[in-house]
Amino acid sequence: MAEQGVAQVWRRIKSMYKGVGNRCETCKTYYFPPRPVCPECRRKGKLVDYTFKGLGKIYSFSIVRQAPEDFKRQIPYIVAQVELDEGTRLTAQIVNVDPEDVKIGMRVRACFRKIKEFGQGGIIMYGYKFEPTMKVTGHE
Ligand code: ZN
């Protein structure tokens, strides 16, 4: 049982770094982060790893102007519900854009940014954030 727990934690870390989720072959639903069991099919579900392309659009967003101490340097920042092209939605910070320029439906892509740093030479956590595709590639 304990070993299974470790495997699950590792899966979550792997998914954060590489955009790996999974897909249920029975009902064709995508999950990010990966689910251990398909909530629709349960025992009939067959889950396989799937690496998301990291492309999607902003489904909804809010601009955060108040933040806990650790995040104060970053305010105001944008937190959005991103709808991936595969149909899955997730919550992520949007970077590399002014809050006034963010729009619903804007094309975004995943990028990796430092989220939190613990002291000098300490643990650095990375996570997925999104930035406008237009800013990076010049087209949507
Ligand atoms: Zn399923």
Side-chain angles (χ1 to χ4, degrees):
M1 218 45 196
E3 240 169 72
Q4 204 187 346
V6 171
Q8 276 183 19
V9 169
W10 176 242
R11 266 181 90 79
R12 288 190 77 87
I13 292 168
K14 196 171 83 169
S15 77
M16 269 181 66
Y17 271 92
K18 295 185 177 158
V20 178
N22 55 16
R23 175 178 187 265
C24 174
E25 297 211 311
T26 310
C27 66
K28 319 281 186 223
T29 307
Y30 293 89
Y31 298 104
F32 186 86
R35 300 275 185 107
V37 175
C38 175
E40 298 300 317
C41 309
R42 307 212 171 242
R43 274 188 303 167
K44 287 186 191 135
K46 187 175 181 298
L47 292 166
V48 292
D49 277 1
Y50 176 82
T51 303
F52 283 84
K53 291 180 186 73
L55 296 169
K57 62 181 182 198
I58 293 178
Y59 179 77
S60 68
F61 68 94
S62 55
I63 295 163
V64 179
R65 296 180 193 280
Q66 311 257 322
E69 203 57 49
D70 288 358
F71 291 92
K72 274 213 169 112
R73 268 189 312 170
Q74 301 182 41
I75 50 178
Y77 61 89
I78 306 142
V79 174
Q81 279 267 303
V82 173
E83 186 171 283
L84 297 173
D85 288 350
E86 289 87 353
T88 305
R89 279 181 212 153
L90 53 88
T91 304
Q93 193 178 336
I94 307 295
V95 296
N96 201 9
V97 62
D98 292 329
E100 308 85 72
D101 296 336
V102 181
K103 289 183 181 68
I104 285 169
M106 182 181 252
R107 294 289 298 166
V108 290
R109 69 166 206 179
C111 61
F112 293 97
R113 291 290 166 94
K114 235 187 282 181
I115 286 188
K116 202 169 179 183
E117 209 167 336
F118 299 91
Q120 223 182 0
I123 302 163
I124 298 168
M125 269 174 60
Y126 286 85
Y128 48 90
K129 292 191 181 184
F130 285 79
E131 61 191 347
T133 313
M134 186 66 99
K135 272 261 163 90
V136 192
T137 61
H139 55 83
E140 294 222 310

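Just so you know, these numbers come straight off a predicted model, no measurement behind them. Both counts, for ligands and for their atoms, begin at 1 and track the order of listing.
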- Query: Which is it for D85 and R109 under the salt bridge (charged side-chain N to carboxylate O under 4.0 Å, His left out) test, yes or no, and what are the steps along the way?
  - Reply: CA-CA 10 Å; D85 288 350; R109 69 166 206 179; over 6 Å; no
- Item | Stepwise side chain to side chain contact (heavy atoms under 4.5 Å, CB included) check, V82 with V108 | CA-CA 8 Å; V82 173; V108 290; 3.8 Å; yes
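Distances from the Zn ion (ligand 1) under 2.8 Å pick out these protein N/O/S atoms: C24 SG, C27 SG, C38 SG, C41 SG.
The two residues P76 and R65 make their nearest non-hydrogen contact at CB-NH1, 3.9 Å. The two residues K46 and T26 come nearest to each other via the heavy atoms N-OG1, 3.3 Å. The two residues Y31 and F52 have their closest heavy-atom pair at O-CE1, 3.5 Å.
Using a 3.5 Å distance cut-off with no hydrogens or angles, the side chains of Q81 and S60 do not pair a donor with an acceptor.
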